[in-house]
Amino acid sequence: MAKADPASLLTVDLGAIVANWRDLAARVAPARCAAVVKADGYGLGSVAVARALAKAGCRDFFVARLNEGLAVRDAVPEAARVTVLDGLMKGEAELYRRRNLTPSLNDPGQIEDWSAQAKAAGEKLAATLHFDTGMSRLGLTPKEGDALLADRAKLDGVALSYVMSHLVSSEEPNNPINAAQLAAFRKWRAAFPGVPASFANSSGIFLGPNYHFDVTRPGCALYGINPTPDRPNPMRGTAKLEARILQVREIDSPQTVGYGAMWKATRPTHVATIACGYADGWLRTFQGKGQAWLDGRSLPFIGRVSMDLITIDVTDAPMATQGKMVELLGPNLPVDDVAAAAGTIGYEILTRLGARFARTYIEP
């Protein structure tokens, strides 16, 4: 049976992801460099990414959800640690223990449940202890942390793998909240001597060695998003997204393009329709701002982004013919530039990449 050419293609360069991890690992040494592979590896495929990084020597992985942890657990060596940042929900402790997943303990109830599971199993169980130092999302509040220090028996049966916290504004190196969080985290770290500490995310790595502690947790930088937005991007691009031209037509004034007749021709215009839309994660906010790229030419979006289709102006690009693939993300359209055009951040661009794209992986 003949195989159809893909309407859209996402190419993920696993070698570039591995190279980014190695660059970060060298920067933070002697601290260890973990890998955050949550949100399906920032949209690029958590199993493929985790497997490649494990082969390169990474032994610490962080995910957000339990189901993400289960998928990554099967992709990496049993000796690698997979930490689930959401922490324990009621009734999940036995599954965590059985599948060798490490929960992040974010509140007193989770500590109690994990300690009870350890006692029932008759063994020490690993966990990460998360202290909130300013994010006000997950983690023990200062009051809860002080109560735990006053009654450490609550941790009976728990073998702490890390104490951790999360930076609020690490991409802003001059923001005073960074130093305030560092001081707060040092207090919690000092309360657990000998336990590895983890504080720095991608941008936190670039705040310097004071923020590295024992284990760093880069996420966005692994995937090519700039962790230093005020400076040139030190990371390699890791993904290329291409969409096929489905049809090309010529229109002229006063014809319009797309829903709502938001774009009107003022001259004879060649319009190409490509196979990508908001169902694929390409945001409606690209209207009037997005672009495609073909053979050295920028091709602006015209009209609204619709569910399955985007229209682009190819009047000055005679090479833009039916069946050609145009670049939407990649060497000519870096993820941070694409995000700026949509009024968002690179994280959202990558994590929205849809399931309809044919995917191919370039191995290291």
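Note that the numbering runs from 1 along the sequence shown for the chain. Just so you know, these numbers use all the heavy atoms, side chains as well, and skip hydrogens, waters and symmetry mates.
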| message | Enumerate the side-chain hydrogen bond (donor to acceptor under 3.5 Å, both in side chains) contacts for residues 258-279, please, sequence neighbours excluded, ordered by first and then second residue. | response | none
| task | With sequence neighbours excluded, give me every side-chain hydrogen bond (donor to acceptor under 3.5 Å, both in side chains) pair touching residues 295-322. | result | Gln291-Ser298, Asp308-Arg356, Asp313-Thr315
| said: Holding to side-chain hydrogen bond (donor to acceptor under 3.5 Å, both in side chains), I want the full list of residues that pass it with Thr216, two or more places apart in sequence or in another chain. | reply: none
| said: Show every salt bridge (Lys or Arg N to Asp or Glu O under 4.0 Å) that has at least one partner inside residues 183-208, sequence neighbours left out. | reply: Asp146-Lys187, Arg189-Asp214
| said: Starting from Ile177 and following side-chain heavy-atom contacts under 4.5 Å between hydrophobic residues (I, L, V, M, F, W, Y), which residues can be reached? | reply: Met135, Val168
| field | Test side-chain hydrogen bond (donor to acceptor under 3.5 Å, both in side chains) applied to Ser203 - qualifying residues, sequence neighbours left out | value | none
| query | Do the side chain of Arg59 and the main chain of Ala54 share a donor and acceptor less than 3.5 angstrom apart? | reply | yes
| said: Can you pull out every side-chain hydrogen bond (donor to acceptor under 3.5 Å, both in side chains) where at least one residue sits in residues 21-32? Sequence neighbours excluded, please. | reply: Asp23-Arg236, Arg32-Asp60
| remark: Residues passing the side-chain hydrogen bond (donor to acceptor under 3.5 Å, both in side chains) test with Glu68, sequence neighbours excluded, are none
Review item, side-chain donor-acceptor pairs of residues 118-128, under 3.5 Å, at least two apart:
unit_1	atom_1	unit_2	atom_2	d
Glu123	OE2	Arg97	NH1	3.3
Thr128	OG1	Ser161	OG	3.1

| query | Taking only residues two or more places apart in sequence, or in another chain, which ones meet Arg51 in a side-chain hydrogen bond (donor to acceptor under 3.5 Å, both in side chains)? | reply | none
| task | Please go through Leu246's hydrophobic cluster and name the other residues, only I, L, V, M, F, W, Y counting, with side-chain heavy atoms under 4.5 Å joining them. | result | Leu309
| Have Thr83 and Thr102 got a donor and an acceptor in their side chains that come within less than 3.5 Å? | no
Show me the donor-acceptor pairs, under 3.5 Å and distance only, between side chains in residues 357-364 and residues at least two apart or in other chains.
unit_1	atom_1	unit_2	atom_2	d
Arg359	NH1	Gly43	O	2.9
Arg359	NH2	Gly43	O	3.1
Tyr361	OH	Leu44	O	2.7

